[in-house]
Amino acid sequence: MIAAHGSEMANPGDFLRREIAGLPVLLTRDKVGTVRDFLNACRHRGTRLVDDEKGCKHRFSCPYHAWTYANSGELIAAPHFDQGFEGLEKADLGLIELPCEERFGFIWVSASGDGATSLDQHIGEIADELEALHMDDMVVVHQDAPVHQANWKILVEGGIEAYHFKVAHRTTIGPHFEDNLSSYRMLGSHMRSILMRTSMAKLAPETRNDWRLRDHAQVLYTLFPNTALLVQSDHIAWINQEALSAGETRVRMSTLVPKAEAERSEHWQRNHEITRVTLDEDFTIGESMQSTLASGANQNMLFGKFEGALDAFNRVVDAHIEGSAPNAVAAE
Ligand code: FES
Ligand SMILES: [Fe+2]
């Protein structure tokens, strides 16, 4: 899954702390620019090695007994090591590393260290579309990461239908979209949805050569499992649903803009705020849904025909759990 955007740790020595699928993770960029993904746990007795959310450091020293690691993972110093740990080798006590690759501007990680997961296989047929968005030439200019009291799948589902737009978003984006009109297409485990703005129906046929879909629709990519890319006319709102527990999700919402236009700070601040307020409407409803789940009022959720994308998303989740998804990697 996507853990970060490369611009959040652009320089050698930069690091980020994340929680990925329940694992404490430390992402580092070493002196030649390679990004690595380690478990953020000291190999001595398991203290969290790094507490800061982000920063720039070439070595990390454990706050308990000062075992010290390079940002490429090796244990480089440990006080009184030879007397206390006779027969052990520092070379065997580097940080535990997980698979990690930087592609399409993002840092992709796997929570399983067995090496069975290939990123190419995971990305599959959506690769060309990710390439076309040029996200490796973009930067994160704003980011919020609040925790919401809802399951991550409820929050993903909230973004892939237009049935609620005129109701839940009536005072924000609702007036700009057609009522209950959206389409979706599966690309392997991922999805591309199109939600029409009202401006689309007003386009004059003679201007057809100048039409750009992203000016008149919300183009939304749902990258399995937990990433949404809301493609706007001049930027991308990138949302990562980071599950903390079954009923708790950190929603990391970032405004991703072309590097060359990063200094238009007021414009991006305004856009970030509009997206944040709108998504908050969705997430508040998500928390409301979560709060009734345990009551047993609904043994099943009902998806109407125009909520087919939710059905498709859940089928993909089920298929991955069963190991039968089109681009799932079978357990060895
Ligand atoms: S737990 Fe880290 S040095 Fe002891
Ligand atoms: Fe919504």
Side-chain angles (χ1 to χ4, degrees), residues 1-79 90 93-111 113 135-147 226-227 238-244 248-257 259 262-263 265 268-269 272 276:
M1 62 183 78
I2 289 175
H5 186 263
S7 66
E8 295 178 79
M9 43 185 304
N11 302 309
D14 284 354
F15 69 87
L16 291 176
R17 217 183 105 187
R18 287 285 193 271
E19 190 165 327
I20 308 291
L23 300 175
V25 152
L26 173 65
L27 299 169
T28 68
R29 192 182 288 282
D30 71 14
K31 56 178 179 296
V32 296
T34 307
V35 175
R36 289 200 170 80
D37 175 18
F38 299 108
L39 291 178
N40 185 16
C42 177
R43 297 296 309 284
H44 176 214
R45 276 164 55 199
T47 305
R48 197 165 50 233
L49 182 62
V50 175
D51 274 328
D52 292 343
E53 287 298 314
K54 62 195 296 183
C56 183
K57 270 186 183 176
H58 292 271
R59 46 177 61 190
F60 302 97
S61 189
C62 178
Y64 204 176
H65 313 93
W67 282 30
T68 299
Y69 303 84
N71 66 357
S72 44
E74 300 85 17
L75 175 61
I76 49 180
K90 286 203 196 81
L93 292 168
L95 297 173
I96 304 290
E97 190 164 2
L98 294 172
C100 175
E101 270 179 68
E102 194 166 10
R103 192 103 60 91
F104 308 112
F106 288 106
I107 295 161
W108 305 71
V109 301
S110 170
M135 292 178 292
D136 52 352
D137 207 25
M138 297 178 90
V139 288
V140 170
V141 288
H142 293 286
Q143 186 175 84
D144 294 304
V147 174
N226 64 331
T227 294
W238 159 47
I239 300 139
N240 245 31
Q241 311 287 0
E242 300 170 7
L244 301 177
E248 205 179 29
T249 305
R250 184 181 299 284
V251 181
R252 196 175 294 279
M253 201 280 278
S254 310
T255 294
L256 202 52
V257 312
K259 262 183 206 157
E263 76 291 345
S265 49
W268 302 130
Q269 174 77 52
H272 185 78
R276 197 189 59 72

Listed by chain and number, what are the salt bridge (Lys or Arg N to Asp or Glu O under 4.0 Å) partners of D30, not counting sequence neighbours? R36

Just wondering, do H5 and Q143 contact through their side chains at under 4.5 Å, heavy atoms? no

Going by heavy atoms in the side chains, are H142 and R276 under 4.5 Å from each other? no

Suppose we screen for ring pair (Phe, Tyr, Trp, His ring centres under 6.0 Å). Which residues come up paired with H65, at least two apart in sequence or across chains? H44

With sequence neighbours left out, write down each residue that passes ring pair (Phe, Tyr, Trp, His ring centres under 6.0 Å) with Y69, or none if nothing qualifies. none

Can you name the closest pair of heavy atoms from R103 and W108 and give their distance? O-NE1, 2.9 Å

How would you list, by chain and number, every residue that makes a side chain to side chain contact (heavy atoms under 4.5 Å, CB included) with A70, sequence neighbours excluded? S72, E74, I76

Run the side chain to side chain contact (heavy atoms under 4.5 Å, CB included) check on C100 and I107 step by step: do they pass? CA-CA 7 Å; C100 175; I107 295 161; 3.8 Å; yes

I'd like to know if the side chain of S7 and the backbone of V140 have a donor-acceptor N/O pair within less than 3.5 Å. yes

For H58 and K31, indicate whether the former's side chain and the latter's backbone hold a donor-acceptor pair under 3.5 Å. no

By salt bridge (Lys or Arg N to Asp or Glu O under 4.0 Å) - contacts of R252 (at least two apart): E242

If you look only at pairs with a residue in residues 59-68, which of them pass as a salt bridge (Lys or Arg N to Asp or Glu O under 4.0 Å), with sequence neighbours excluded? none

The criterion is side chain to side chain contact (heavy atoms under 4.5 Å, CB included); which residues satisfy it with L23, sequence neighbours excluded? V25, L39, L98, A111

Partner residues of N40 under the side chain to side chain contact (heavy atoms under 4.5 Å, CB included) criterion, sequence neighbours left out: R17, P24, L26, R48, L49, V50

Please list, chain by chain and in numerical order, all residues satisfying salt bridge (Lys or Arg N to Asp or Glu O under 4.0 Å) with E248, sequence neighbours excluded. none

Which residues share a side chain to side chain contact (heavy atoms under 4.5 Å, CB included) with T227, sequence neighbours left out: I2, L223, L229, W238, N240

Take E19 and L244, measure what side chain to side chain contact (heavy atoms under 4.5 Å, CB included) needs, and give me the verdict at the end. CA-CA 8 Å; E19 190 165 327; L244 301 177; 3.9 Å; yes

Answer whether the closest heavy-atom distance between the side chains of H272 and V141 falls below 4.5 Å. no

What pairs meet the ring-ring contact (aromatic ring centres under 6.0 Å, His included) rule with one or both residues in residues 9-32, with sequence neighbours excluded? F15-F60

When rounded to the nearest 0.5 Å, the distance separating CD of E53 from CD of E8 is 11.0 Å

Can you name the residues that form a salt bridge (Lys or Arg N to Asp or Glu O under 4.0 Å) with E263, not counting sequence neighbours? none

